[in-house]
J.: 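There's a structure below that I have some questions on.
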Amino acid sequence: MDATEALLHFAREVRRDRRANPAIGADGTALELLLAPRFQALVEALLAERMKLPPRVLPEYRRAGIGRPDLAFAPIAQPARSFIELKVPGNPLDPKRLQGHDKAQFQRFQELPLWGFCNFHTIHLYRRGDRQTEATVLPASAIDPDTADAAAERLIRRHDPAALLDVLETLALAQPVPVRTARDFAQVLARAARLLRRIVTDQCTAGAPPALDAVRAVFRETLFAHPAAGGYETEDQDDLFANAFAQTLSFGLLLAREAGPGNVDRNAFDLLPQGTYPLLRATLQALTLPQVLDVLGVGFDVICDTVNSFAPELLARSGGEDPILYFYEHFLAAFDEKARLKYGVFYTPPDVVRFIVAATDRALRDGLGTEGLLDPTVRLLDPACGTGTFPITAIALAAERARERFGDGTMVAAEVLNLSQRMQAFELLVGPYTIAHYRMLREIGTHHVVPLERLPICLACTLCASADTVNVPNPLNFLGTPMVEERAAADAVKSGRPILAILGNPPYRRLKRGEIETLVGRWMNGLWEDLKQPVREAGFGRSLNPFPDLYVAFWRWALWRLFEAPGAERRGVVSFITNRGFLAGRAFGGLRKMLRARFDRIEILDLRGDNRGALPAGAEADENVFHIETGVCVLTAWADGRKVDDAEAAVRYADAWGHGAFRRGEKLGLLREAAADPARLCFAPLPGTGMDRLKPAGFAGRDWPALDEMLTFRSNGIVTYRDDFAYALTREAMRERITSFLNLSADRAKEEFKESAASKVGPALTTAFDQHAIQPVAYPGRRTHVTAGDRRSFG
């Protein structure tokens, strides 16, 4: 049967069906279901005429479900890679005219790699959301039940089906999206994950089926129990769940592909070793329950094909470069760029990481008298590990140290295995958590090491108090034990297991009003009160406005973990790269005081990079080592536990500017050289005690003097929303206003006074009026003097 005859047959059957069921036309869904089998038969006939080995046209996609296009094309022995979504005849295909269900469905399917959008007489071909071409299936009136058969036949015989055949052949020959680099793959994986996210979100909105609802409860109550601490807004719990679901399934399948032989499918969790990945294995099992996959529809097929189609060697290390280092950053840029920018997903450059790890190793050896990373008693912790760059770099450096000491051989593998169990890490977000496991396993595998037990990376909120591992919610039975074990492992690191070094790049986030309890938590909010009190006692309480920031919370947590927590050794090393604002900001005096009091030695490498900072003469720029606006520094501090009471740390300071490093490449080069040879940095002793600055005063280094060094008066400003009450143009007007105010009722006085939580009307009503208190003042924006009442009571 040639194409024209196939179209004639299709049109006759459609007209007959519509004439036999005239009432069904009012129900678009019923009409679509009636005509879809006819269209499938047409497609199969046209492809059989066009191709020797046409693909299967899968009818199961006609089942009802949010994540299911009507037809799918699957070549022999291959998964479906292209699809057609059908709409009733006459329905618009223009995305701008779609509404309600049709609009939501179109937005979902824009994430499909290749698909057709068809209303039985016209088809549009899309690659994701980009329309490639369109073709006429046949004239619209040819399938209208009111069109005479002879007229319909004449229309079809005059129609050229070549464009339609080209579209169908493109769909039939669909191949995996080509990827040539790790970044390409991250973006393709992100688009597949976006499809999953949309399907899960829409399913939850429509009313999640029981199986998906059980998984949602697991994420909400355990796996993703503290989203606010990761920076996520918590108003839309379904959106949070869909986001975490899509990322966890995507990276879980990627990990399974790397961990075991063969392709991933609904049994991918079996490829993950039980002992190495207990929680990830159980979580992946939950996400691939048959009832859940039935809900996901095409989303699971697309994500599996995406993971199975890429070449694993794309993520293999080559020439010292690790392609997966920024994999999650690239993934999130395509998956949710706003979230990447908002939550600060910008990972630490390798040269920065190498410098911090080397500085930690040196401090452990020279400051604490240990064997550094090779010492079997040294336990290290990265409290916000992201994709695991710090632990992995520590393992790589330990392998170098072992080769220097023992040469190549089994001892190197033994040292790597040993450190892999002593290097602890916490990560709050499920995507980076999964990648960290993948990268850690791959790193130790390069040294011919097979882990004997679970990798020491916990899905945990560092700033939360230790969790209760007894009453863990357990909506899915097989997840109960892994979740209890994960919490117990995190708690042991927090307050039981000895930790001697804490290192990393904690998150920076300026906390807004109301965010401290949600992002930092009640326990930490109480813990860091001792950083604020010295500032208040010094008379600078108003300066605490810029104090709340996540990085300060991590500094305080690290100090608690080394010196105050149950089991703390009251000695150790901390090496962080953070916002440099605490070096001199008045609000952070309490932190500087505690650092000096707790440690024996503090070394600061000021990398600067403030976008709005002043430049020294002759410098054209001051670039940041990160792609952020706020300058940073590396502070490494250590204490050997023998500190005399009231003794303060010896502080040494080095400045990137002083080493001629202003551009990003120059600063990274300086770090790279200093990691190999610490003498490359010119540290100078920094005088000061207590809350004094941790950087040279103005003109002592290359900085201009700070404002607080030049000005004797400091104020955060005056709120002027009561000006209409407290200011007047004449003394007489001011006297009349206050006299009238003092005679008002209490309720009317509150309204006139504009009472607020910070300024009550009571003192103004009870203060005796002294007309001599009215004084002339200069008022901004006016050319005349105005007079004001007693500001203590009326301002």
Side-chain angles (χ1 to χ4, degrees), residues 225-226 228-231 344 348 356 360 379-386 390-391 423-429 433 456-467 487 489-511 515-534 547-579 581-582 587-588 590-599 602 632-639:
H226 304 286
T348 320
I356 291 175
T360 302
R379 287 187 177 274
L380 301 95
L381 170 66
D382 181 349
C385 78
F390 280 90
M423 183 74 215
Q424 314 292 325
F426 294 156
E427 174 51 39
L428 180 68
L429 304 181
Y433 167 80
I457 304 170
C458 295
L459 187 67
C461 174
T462 301
L463 301 181
C464 295
S466 297
R487 287 192 176 188
D491 287 350
V493 175
K494 286 183 179 182
S495 58
R497 189 169 296 167
I499 295 293
L500 206 58
I502 300 175
L503 71 169
N505 176 20
Y508 323 154
R509 178 183 169 98
R510 176 79 169 84
L511 304 182
E515 288 186 333
I516 293 178
E517 185 165 312
T518 57
L519 299 186
V520 171
R522 293 182 181 178
W523 175 74
M524 175 54 65
N525 193 29
L527 185 63
W528 69 0
E529 187 64 27
D530 53 11
L531 301 184
K532 305 175 191 176
Q533 192 57 35
F547 174 83
D549 196 299
L550 275 179
Y551 84 89
V552 180
F554 274 85
W555 268 117
R556 184 63 186 94
W557 186 90
L559 290 164
W560 169 83
R561 184 60 191 83
L562 288 182
F563 297 99
E564 304 163 39
E569 296 195 2
R570 292 172 173 76
R571 66 188 185 114
V573 179
V574 177
S575 188
F576 280 164
I577 182 167
T578 68
N579 183 326
F582 76 98
F588 308 102
L591 175 58
R592 295 193 294 271
K593 181 178 180 180
M594 184 173 288
L595 288 170
R596 281 187 167 104
R598 293 287 175 84
F599 292 106
I602 297 173
V632 296
C633 69
V634 177
L635 188 149
T636 303
W638 61 91

J.: Listed by chain and number, what are the side chain to side chain contact (heavy atoms under 4.5 Å, CB included) partners of Arg571, not counting sequence neighbours?
T.: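 Only Leu368, Leu500, Glu569 meet the side chain to side chain contact (heavy atoms under 4.5 Å, CB included) criterion with Arg571.
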
J.: Can you list the residues that meet the ring-ring contact (aromatic ring centres under 6.0 Å, His included) rule with Tyr551, with sequence neighbours excluded?
T.: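 By the ring-ring contact (aromatic ring centres under 6.0 Å, His included) rule, Tyr551 matches no residue at all.
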
J.: State which residues pass side-chain hydrogen bond (donor to acceptor under 3.5 Å, both in side chains) with Thr636; sequence neighbours excluded, sorted by chain then number.
T.: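 Result, side-chain hydrogen bond (donor to acceptor under 3.5 Å, both in side chains) vs Thr636: Ser575.
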
J.: What is the minimum heavy-atom distance between Gly572 and Leu562, and which atoms define it?
T.: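 Minimum heavy-atom separation between Gly572 and Leu562: C-CD1, 4.1 Å.
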
J.: Once you round to the nearest 0.5 Å, how far does CD1 of Ile502 lie from CH2 of Trp555?
T.: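 One finds 9.5 Å between CD1 of Ile502 and CH2 of Trp555.
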
J.: Can Leu595 and Phe582 be said to form a side-chain contact (heavy atoms from CB on, under 4.5 Å), step by step?
T.: CA-CA 11 Å; Leu595 288 170; Phe582 76 98; 4.1 Å; yes

J.: Could I get the full list of side chain to side chain contact (heavy atoms under 4.5 Å, CB included) partners for Lys532, not counting sequence neighbours?
T.: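 Once residues adjacent in sequence are excluded, the partners of Lys532 under the side chain to side chain contact (heavy atoms under 4.5 Å, CB included) criterion are Asn525, Trp528, Glu529, Arg536, Leu544, Phe547.
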
J.: Could you pull out all residues at least two apart from Phe599 that satisfy ring-ring contact (aromatic ring centres under 6.0 Å, His included)?
T.: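 So Phe599 forms a ring-ring contact (aromatic ring centres under 6.0 Å, His included) with Phe563.
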
J.: Mind checking side chain to side chain contact (heavy atoms under 4.5 Å, CB included) for Ala597 and listing every partner two or more places apart, or none if nothing turns up?
T.: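 Partners of Ala597 under the side chain to side chain contact (heavy atoms under 4.5 Å, CB included) test: none.
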
J.: Give a yes or no on whether the backbone of Thr462 and the side-chain of Trp557 come within a donor-acceptor separation of less than 3.5 Å.
T.: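 Confirmed, Trp557 side chain pairs with Thr462 backbone.
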
J.: With sequence neighbours left out, write down each residue that passes side-chain hydrogen bond (donor to acceptor under 3.5 Å, both in side chains) with Arg596, or none if nothing qualifies.
T.: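 Testing Arg596 for side-chain hydrogen bond (donor to acceptor under 3.5 Å, both in side chains), a comparison that skips the adjacent residues, returns none.
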
J.: Measuring from Ile577:CD1 to Phe390:CZ, what's the distance to the nearest 0.5 Å?
T.: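 Output value for this atom pair is 7.5 Å.
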
J.: Quick one: ring-ring contact (aromatic ring centres under 6.0 Å, His included) partners of Phe426, sequence neighbours excluded?
T.: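 Not a single residue meets the ring-ring contact (aromatic ring centres under 6.0 Å, His included) criterion with Phe426.
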
J.: Could you list the residues that satisfy side-chain hydrogen bond (donor to acceptor under 3.5 Å, both in side chains) with Arg570, not counting sequence neighbours?
T.: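 Counting only residues at least two positions away or on another chain, Arg570 forms no side-chain hydrogen bond (donor to acceptor under 3.5 Å, both in side chains).
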
J.: Who pairs with Arg510 by salt bridge (charged side-chain N to carboxylate O under 4.0 Å, His left out), at least two apart in sequence or on another chain?
T.: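 By the salt bridge (charged side-chain N to carboxylate O under 4.0 Å, His left out) rule, Arg510 matches no residue at all.
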
J.: Supply the atom-to-atom distance Lys494 NZ to Leu463 CG, rounded to the nearest 0.5 angstrom.
T.: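 Going from the NZ atom of Lys494 to the CG atom of Leu463 covers 8.0 Å.
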
J.: Only one of Cys464, Pro507, Cys461 forms a side-chain contact (heavy atoms from CB on, under 4.5 Å) with Leu428, so which one is it?
T.: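 Testing each of Cys464, Pro507, Cys461 against Leu428, the sole residue satisfying side-chain contact (heavy atoms from CB on, under 4.5 Å) is Cys461.
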
J.: List the atom of Pro506, the atom of Ala384, and the distance in Å for their closest heavy-atom pair.
T.: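 Closest approach of Pro506 to Ala384, heavy atoms only: CA-CB, 4.3 Å.
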
J.: Taking Arg561 for its side chain and Val493 for its backbone only, find out whether a donor-acceptor pair lies under 3.5 Å.
T.: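 At least one qualifying donor-acceptor pair exists.
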
J.: What's the separation between atom CE in Met423 and atom CG in Leu503, rounded to the nearest 0.5 Å?
T.: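 Result: 5.0 Å between the selected atoms.
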
J.: Looking at residues at least two apart in the chain, or sitting in another chain, which of them share a ring-ring contact (aromatic ring centres under 6.0 Å, His included) with Phe554?
T.: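 Per chain and number, Phe554 pairs via ring-ring contact (aromatic ring centres under 6.0 Å, His included) with no residue.
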
J.: Could you go through the side-chain contact (heavy atoms from CB on, under 4.5 Å) check for Leu559 and Leu591 one step at a time?
T.: CA-CA 10 Å; Leu559 290 164; Leu591 175 58; 4.2 Å; yes

J.: Evaluate the criterion side-chain contact (heavy atoms from CB on, under 4.5 Å) for residue pair Ile457 and Asp382; output intermediate values, then yes/no.
T.: CA-CA 9 Å; Ile457 304 170; Asp382 181 349; over 6 Å; no

J.: For Ala501, check side chain to side chain contact (heavy atoms under 4.5 Å, CB included) against everything at least two apart and list the hits.
T.: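 Side chain to side chain contact (heavy atoms under 4.5 Å, CB included) check on Ala501 returns Thr360, Leu364, Leu380, Val573.
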
J.: Taking all heavy atoms of Ala489 and all of Cys458, pick out the closest pair and write down the distance.
T.: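 Closest pair (atom of Ala489, atom of Cys458, distance): CB-SG, 3.9 Å.
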
J.: Can you tell me how far apart CZ (Arg556) and CD (Glu564) are? Round to the nearest 0.5 Å.
T.: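 The distance works out to 4.0 Å.
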
J.: Which atoms form the tightest heavy-atom contact between Arg598 and Ala639, and what is the distance?
T.: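 That would be O-CB, 3.5 Å.
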
J.: Would you give the length of the straight line joining atom OG1 of Thr578 to atom CG of Leu635, rounded to the nearest 0.5 angstrom?
T.: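 Output value for this atom pair is 7.5 Å.
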
